[in-house]
Amino acid sequence: GAGVSQSPRYKVAKRGQDVALRCDPISGHVSLFWYQQALGQGPEFLTYFQNEAQLDKSGLPSDRFFAERPEGSVSTLKIQRTQQEDSAVYLCASSLGTKISNQPQHFGDGTRLSIL
Amino acid sequence: GENVEQHPSTLSVQEGDSAVIKCTYSDSASNYFPWYKQELGKRPQLIIDIRSNVGEKKDQRIAVTLNKTAKHFSLHITETQPEDSAVYFCAARYRAGYALNFGKGTSLLVTP
């Protein structure tokens, strides 16, 4: 596709439910990032994949957050037993190379998650 | 980890004037500094970036300057237009890390 695609665009869930957010990166992009953006704030890093390998998950707020990219393309961010503080926009970004090449990160439109 | 401070948080200018947004970073090992523009409800869009081996970069009405000694970098928009109105984020990437560390954003309003 032409850009990073995320689905769903909006997700409403009740507290305690599990949710899954999908990211389809730009074709051929090696690196994939997940960020969380709270209202009125800048994006905050959650996790990074290089192909299928999750090389950094230091930003995941708790063990309720889990991400995977099993075939090195599409990625899923799963949040178990959602809490109200999980409400945010979840952004996915991809870049062509690895960190060494400092390639630009291209963002998707995000998934706006609201926990009731 | 990297800490990025961004100022001002809001900026209002008249159409045609220049706008300047400043950011400072904490880690001298940071080597990549992009700027993103985000319109309401839209994705962050990269508008310009600079690497640590360069002091200045320009693209039409947009320029970025980097002072590695002082650990700050700035975005300059000249001849502003109403369509420049958006939230602008600076970011820095620590050389040994993967993530971009973002500032809190500057809401720019360009009035006709």
Side-chain angles (χ1 to χ4, degrees), chain A residues 1-7 9-10 23-26 30-51 53-60 67 69 88-112, chain B residues 1-10 21 23-25 27 29-54 57 59 62 64 66 75 86-108:
Chain A
V4 178
S5 179
Q6 292 188 245
S7 61
R9 285 280 283 125
Y10 304 93
C23 173
D24 203 337
I26 295 172
V30 168
S31 293
L32 186 146
F33 304 80
W34 284 99
Y35 291 86
Q36 181 189 61
Q37 186 174 26
L39 192 64
Q41 302 292 316
E44 291 197 359
F45 171 75
L46 294 177
T47 187
Y48 166 68
F49 289 87
Q50 182 175 308
N51 294 307
Q54 189 175 21
L55 298 187
D56 188 349
K57 52 182 181 179
S58 62
L60 296 177
R69 193 186 185 197
V89 175
Y90 290 84
L91 293 166
C92 177
S94 70
S95 66
L96 184 60
T98 63
K99 66 165 185 173
I100 297 172
S101 62
N102 262 332
Q103 295 281 338
Q105 293 184 24
H106 301 276
F107 282 83
D109 283 329
T111 294
R112 181 176 296 277
Chain B
E2 177 62 273
N3 184 40
V4 178
E5 300 279 342
Q6 183 172 348
H7 299 281
S9 57
T10 61
I21 303 170
C23 289
T24 59
Y25 59 99
D27 199 314
S30 295
N31 65 353
Y32 176 63
F33 307 91
W35 285 87
Y36 285 85
K37 175 184 180 182
Q38 188 175 32
E39 296 176 36
L40 194 61
K42 302 266 183 83
R43 67 183 69 190
Q45 289 199 310
L46 180 71
I47 55 171
I48 196 167
D49 58 9
I50 192 168
R51 289 162 178 77
S52 59
N53 59 345
V54 175
K57 183 176 178 181
D59 183 3
I62 295 173
V64 57
L66 172 65
L75 177 72
V87 178
Y88 291 80
F89 291 99
C90 63
R93 195 183 73 76
Y94 174 54
R95 182 166 53 201
Y98 301 99
L100 290 176
N101 295 284
F102 284 84
K104 291 188 182 302
T106 296
S107 179
L108 174 64

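Keep in mind it's a predicted model, so treat the numbers as computed, not measured. Here is the naming used below: chain letters follow the sequence lines, and residue numbers restart at 1 for every chain.
- In this structure, A:Q54 places its CD atom where more than 12 heavy-atom neighbours from other residues, nucleotides or ligands lie under 6.0 Å away.
- With a 4.5 Å cut-off on non-hydrogen atoms, A:E44 does not touch chain B at all.
- For the options A:G110, A:P43, A:S95, heavy-atom pairs under 4.5 Å to chain B are most numerous at A:P43.
- Contact annotation for A:L46: neither backbone nor side-chain heavy atoms come within less than 4.5 Å of a heavy atom of chain B.
- Between B:P44 and A:G108, the shortest heavy-atom contact is CD-O, 4.3 Å.
- Residues A:P104 and B:R51 approach most closely at CD-NH2, 4.4 Å, considering heavy atoms.
- With a 4.5 Å cut-off on side-chain heavy atoms, B:R43 and A:Q6 do not count as touching.
- Annotation: maximal heavy-atom pairing with chain B below 4.5 Å, among A:L91, A:V89, A:V4, A:L55, occurs at A:L55.
- If you take OH on B:Y36 and NE2 on A:H106, they are separated by 7.5 Å, rounding to the nearest 0.5 Å.
- With a 4.5 angstrom heavy-atom cutoff, B:Q38 touches chain A only via side-chain atoms.
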